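This one's a predicted model, so the numbers in the text were calculated from it and none came from an experiment.
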Amino acid sequence: QVQLVESGGGLVQAGESLRLSCAVSGRTFSNYVMGWFRQAPGKEREFVAGINWSGSRTQYTDSVKGRFTISRDNAKNTLYLQMNSLKPEDTAVYYCAARPSVMIQTRISEYDYWGQGTQVTVSS
């Protein structure tokens, strides 16, 4: 079993930055592809970013490219999402997720483990 706990969410103004963290426990963190997803009110959960086990490969949804950076520290069993130049449309609950694989996937169904989510609110 893998446990994921997100932190770092909050209320910021447009143009500001936040860094989300996801602490992972229970299994060998480096065995997992990790992803960040988000769900805005009234919308479906969507893929934001993914990273392979070593951090050598990343993938982003188009709307966050150039603004968000996903990274991981396997020694600390922690996943990060640095979010810069935040926009009101980035407002959502952000979830980290894990899948025991080598391939980054964007589909929710491909991820086996999920955190409880952390709220990010961006005011205009």
(message) Please check this pair: side chain of Arg72 against backbone of Val33, looking for a donor-acceptor N/O pair closer than 3.5 Å.
(response) no
(request) To the nearest 0.5 angstrom, please state how far the CG atom of Asn84 sits from the OG1 atom of Thr69. (result) 6.5 Å
(message) Filter on ring pair (Phe, Tyr, Trp, His ring centres under 6.0 Å), then keep only pairs touching residues 98-124, sequence neighbours left out; what's left?
(response) Phe37-Tyr111, Phe37-Trp114
(message) Could you see if Val64 belongs to whatever hydrophobic cluster contains Ile108? Use Ile, Leu, Val, Met, Phe, Trp, Tyr and a side-chain cutoff under 4.5 Å.
(response) no
(message) Please tell me whether Tyr95 and Ile104 are part of a single hydrophobic cluster in this structure, the criterion being side-chain heavy atoms less than 4.5 Å apart.
(response) yes
(message) With rounding to the nearest 0.5 angstrom, report the CZ to OG distance, Arg67 to Ser85.
(response) 7.0 Å
(message) Within the 4.5 Å heavy-atom criterion, are Met34 and Phe29 side-chain neighbours or not?
(response) yes
(request) Would you please test Leu86 and Glu16 for side chain to side chain contact (heavy atoms under 4.5 Å, CB included) and show each step? (result) CA-CA 6 Å; Leu86 282 161; Glu16 294 184 340; 5.5 Å; no
(message) If you compare all heavy atoms of Pro88 against all heavy atoms of Ser124, which two are closest, and at what distance to 0.1 Å?
(response) CG-CB, 3.8 Å
(message) Going by side-chain contact (heavy atoms from CB on, under 4.5 Å), Phe68 matches just one of Leu18, Thr61, Val48. Which one?
(response) Val48
(request) Measure the CD-CG distance between Gln116 and Leu4 for me, rounded to the nearest 0.5 Å. (result) 9.0 Å
(message) Looking at every heavy atom in both Ala92 and Ala40, which two are closest together, and how far apart are they?
(response) CB-N, 3.8 Å
(request) Mind listing the closest non-hydrogen atom pair of Ala98 and Tyr32 along with its distance? (result) CB-CD2, 3.9 Å
(message) According to a hydrophobic-cluster definition based on side-chain heavy atoms being under 4.5 Å apart (Ile, Leu, Val, Met, Phe, Trp, Tyr only), do Leu20 and Tyr60 belong together?
(response) yes
(request) Can you see which heavy atom on Trp53 is nearest to which on Ser30, and at what distance? (result) CB-O, 3.0 Å
(request) Could you tell me which non-hydrogen atom of Asp112 sits nearest to which non-hydrogen atom of Pro100, and how far apart they are? (result) OD2-CD, 2.9 Å
(request) Could you pull out the closest heavy-atom pair between Ile51 and Ser71, with the gap in Å? (result) CD1-CA, 3.6 Å
(request) Quickly, which of Asp90, Thr91, Thr118 forms a side chain to side chain donor-acceptor pair (under 3.5 Å) with Arg38? Name it, please. (result) Asp90
(message) Would you compute the distance between atom CD of Gln3 and atom CG of Asn77 and round it to the nearest 0.5 angstrom?
(response) 11.5 Å
(request) Please check if the side chain of Thr78 supplies one atom and the backbone of Lys76 the other of a donor-acceptor pair under 3.5 Å. (result) yes
(message) Could you see if Leu79 belongs to whatever hydrophobic cluster contains Met83? Use Ile, Leu, Val, Met, Phe, Trp, Tyr and a side-chain cutoff under 4.5 Å.
(response) yes
(message) Going by salt bridge (charged side-chain N to carboxylate O under 4.0 Å, His left out), name the residues that satisfy it together with Arg99, two or more places apart in sequence or in a different chain.
(response) Glu110
(request) Measure the spacing between CD of Glu6 and SG of Cys22 and express it to the nearest 0.5 Å. (result) 5.0 Å
(request) Hey, could you give me the OG/CD distance between Ser63 and Glu89, rounded to the nearest 0.5 Å? (result) 8.5 Å
(message) Please evaluate residues Thr106 and Gln59 with respect to the criterion side chain to side chain contact (heavy atoms under 4.5 Å, CB included), reporting the C-alpha separation (whole Å), side-chain torsions for both, the decisive distance (0.1 Å), and the verdict.
(response) CA-CA 9 Å; Thr106 62; Gln59 185 174 344; 3.4 Å; yes
